[in-house]
Chemist: 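I have a structure here, written as structure tokens, and I will follow up with some questions on it.
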Amino acid sequence: MIKTVKGCKDRYEKDIKLFQYSKRVLSETAEQYGYTEIVTPIIEYTELFQRSVGQDTDIVEKEMYTFEDKGGRSLTLRPEITASIARSYVEHHFETIPSPLRLYYIGPCFRYEKPQKGRYREFYQFGVEAIGDISPLLDAEVISLAFTVAKRFSLKEIKVKLNSIGCKKCRPLYKDALKNALKLRYDDLCDDCKKRFYTNPLRILDCKKESDELKKSLPKIADYLCEECKEHLDAVKKHLTLMDIPFERDSSLVRGLDYYTKTVFEVVSTNLGAQNALLGGGRYDYLIEELGGRHVPAVGFAMGIERLITILEAEEKTVEKRPIIYIAYQENALKETMDIASILRDNDFIVLMDVKGGNFKKQLERSAKQHSLYTIIIGEEEKEKRVLQIKNMETKEQKEIPSDQIITFLKDHIKGEKNA
Ligand code: ATP
Ligand code: MG
């Protein structure tokens, strides 16, 4: 038997319901904030991620699906989507569009990680990017969008964590201070962090293996931020407070990608277990420039849809099924049956036509097995009289109505039972 590739999964039945529902709510929310969808390819040139996400990050060092195509080019299945959007921005001269440019995306990403709860090799990300403005209001808008999403799903156990990791001016000073402090504790570091000490010391702050005691003993970025970064963070905090968005400052919050500057944030949920980050994001003011564009500041976040679904399941959220209308018929009323099915579908009803035929009793049994709400019955007599029988499968009540009144009848009877 051939199985799904390790760390990937098929989505069907209950899983696909929550998946479709999530995608719908996410895109509707983004659209309400004026973000429009962008779709970019799943494969990119490897260099894009090396230059944006950063050579010394876990993603680029260990997690990418990279291969050579038949023309000898190095391609990578995207591990995240912000880099692709920045590439697209530069390539298509989006700077000519009025800014800020507000975009969202939903699509699969790939990371070669050890599969476990909340961690897959193929997973979906939903994310937004607001590009072209330095205003802290935009950081707050993006966080507010993330928070609204959580509210729309009625997520309970969530928290916004906020920090600033400085800019090109102040971060190097902090890095030095951090390295000086870490030098004294070098022997206590895990093997990965010993490497990070040389390549990417900030990442040590969010290594899960290092103790809280060690992390607490290290200098805090807050004490090293330049005036501009400090003011920016204060303004973001002020706007969040104005919008009634609860947040907490977490001075050890850094992100796993190199391109972030100033604001970084995460939304975490206690319903997620060890992989507790529902989404992560921040400002990336130099990324577009690093990919060959102009100096264009930007801010965004990315959310793992599987993690969202895990929370929805933990909070026992189910998606109401849309009612099914089943049609049972006699062979000589096939034309009328097909006409009715087509009218119902044009009016947005889900219609299942019996395909096996036989007597009505058998067809009604099959209708019940499909959990239909109504069965429409059309025999020779109904055809002649231009009527149909409609049977409520729950109450077993059956009524005869003129064929041309079917839409009004169903709309009156199943109001409010459509989707959640
Ligand atoms: P983590 O610390 O959990 O590894 P990350 O910092 O690597 O997350 P990002 O690169 O910021 O994650 O991606 C944004 C979001 O994508 C995460 O908050 C998470 O919800 C989701 N995500 C990341 N990696 C995976 C994965 N392997 N499987 C499922 N979801 C993932
Ligand atoms: Mg990760």
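Note that ligands are numbered from 1 as they come in the structure, with each ligand's atoms numbered from 1 the same way.
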Chemist: Measure the distance from atom 7 (O) of ligand 1 to every protein heavy atom, then report the residue, atom name and distance (to 0.1 Å) of the closest one.
Modeler: Arg111 NH1, 3.0 Å
Chemist: Pick one of side chain, backbone, both or neither for how Asp58 approaches ligand 1, counting any non-hydrogen atom pair under 4.0 Å.
Modeler: neither
Chemist: So how far is it from Ile309 CD1 to Ser22 OG, rounded to the nearest 0.5 Å?
Modeler: 4.5 Å
Chemist: What protein heavy atom lies closest to atom 3 (O) of ligand 1? Include the residue and the distance to one decimal.
Modeler: Arg307 NH1, 2.9 Å
Chemist: For atom 16 (O) of ligand 1, what's the nearest protein heavy atom and its distance?
Modeler: Gln125 NE2, 3.2 Å
Chemist: Would you say the rings of Phe360 and Tyr329 are close, in the sense that their centroids are separated by under 6.0 Å?
Modeler: no
Chemist: Which residues pass the side chain to side chain donor-acceptor pair (under 3.5 Å) test with Glu122, not counting sequence neighbours?
Modeler: none
Chemist: Between the side chains of Glu157 and Ser269, does any donor sit under 3.5 Å from an acceptor?
Modeler: no
Chemist: On the 0 to 90° scale, with breaks at 30° and 60°, tag the Phe126-Tyr104 ring pair as parallel, tilted or perpendicular.
Modeler: tilted
Chemist: Per the side-chain hydrogen bond (donor to acceptor under 3.5 Å, both in side chains) rule, what does the pair list look like for residues 4-19, sequence neighbours excluded?
Modeler: Arg11-Glu306
Chemist: With a sphere of 6.0 Å drawn around CE of Met338, does it hold more than 12 non-hydrogen atoms of other residues, nucleotides or ligands?
Modeler: no
Chemist: Is it true that Tyr186 and Phe197 have ring centroids separated by less than 6.0 Å?
Modeler: yes
Chemist: Looking only at distances, please establish whether an N/O atom of ligand 1 is found under 3.5 Å from an N/O atom of Ile59.
Modeler: no
Chemist: List ligand 1 atoms under 4.0 Å from Leu278, heavy atoms only on the residue side.
Modeler: 18 (O), 20 (O)
Chemist: Classify the ring geometry between Tyr224 and Tyr174 as parallel (under 30°), tilted (30 to 60°) or perpendicular (over 60°).
Modeler: tilted
Chemist: Quick one: nearest non-hydrogen protein atom to atom 30 (N) of ligand 1, plus distance?
Modeler: Phe123 CD1, 3.4 Å
Chemist: Can an N or O of Gly304 be found at a distance shorter than 3.5 Å from an N or O of ligand 1?
Modeler: yes
Chemist: Starting from atom 1 (P) of ligand 1, find the nearest protein heavy-atom neighbour and note its residue, name and distance.
Modeler: Arg119 NH2, 3.6 Å
Chemist: With heavy-atom distances below 4.0 Å as the criterion, list the atoms of ligand 1 near Leu279.
Modeler: 18 (O)
Chemist: Which protein heavy atom lies closest to atom 2 (O) of ligand 1, and at what distance to 0.1 Å?
Modeler: Lys208 NZ, 4.1 Å
Chemist: Using a 4.0 Å cut-off to any heavy atom of Arg255, which atoms of ligand 1 qualify?
Modeler: 6 (O), 9 (P), 11 (O)
Chemist: For ligand 1, which atoms sit closer than 4.0 Å to a heavy atom of Gly118?
Modeler: 28 (N), 29 (C), 30 (N)
Chemist: Nearest to atom 18 (O) of ligand 1, what protein heavy atom do you find, and at what distance?
Modeler: Ala277 O, 3.4 Å
Chemist: Distance to 0.1 Å, residue and atom name: give those for the protein heavy atom nearest to atom 27 (N) of ligand 1.
Modeler: Glu113 OE2, 2.7 Å
Chemist: With a 4.0 Å cut-off on N to O distance, would you call Asp192 and Lys195 a salt bridge?
Modeler: no
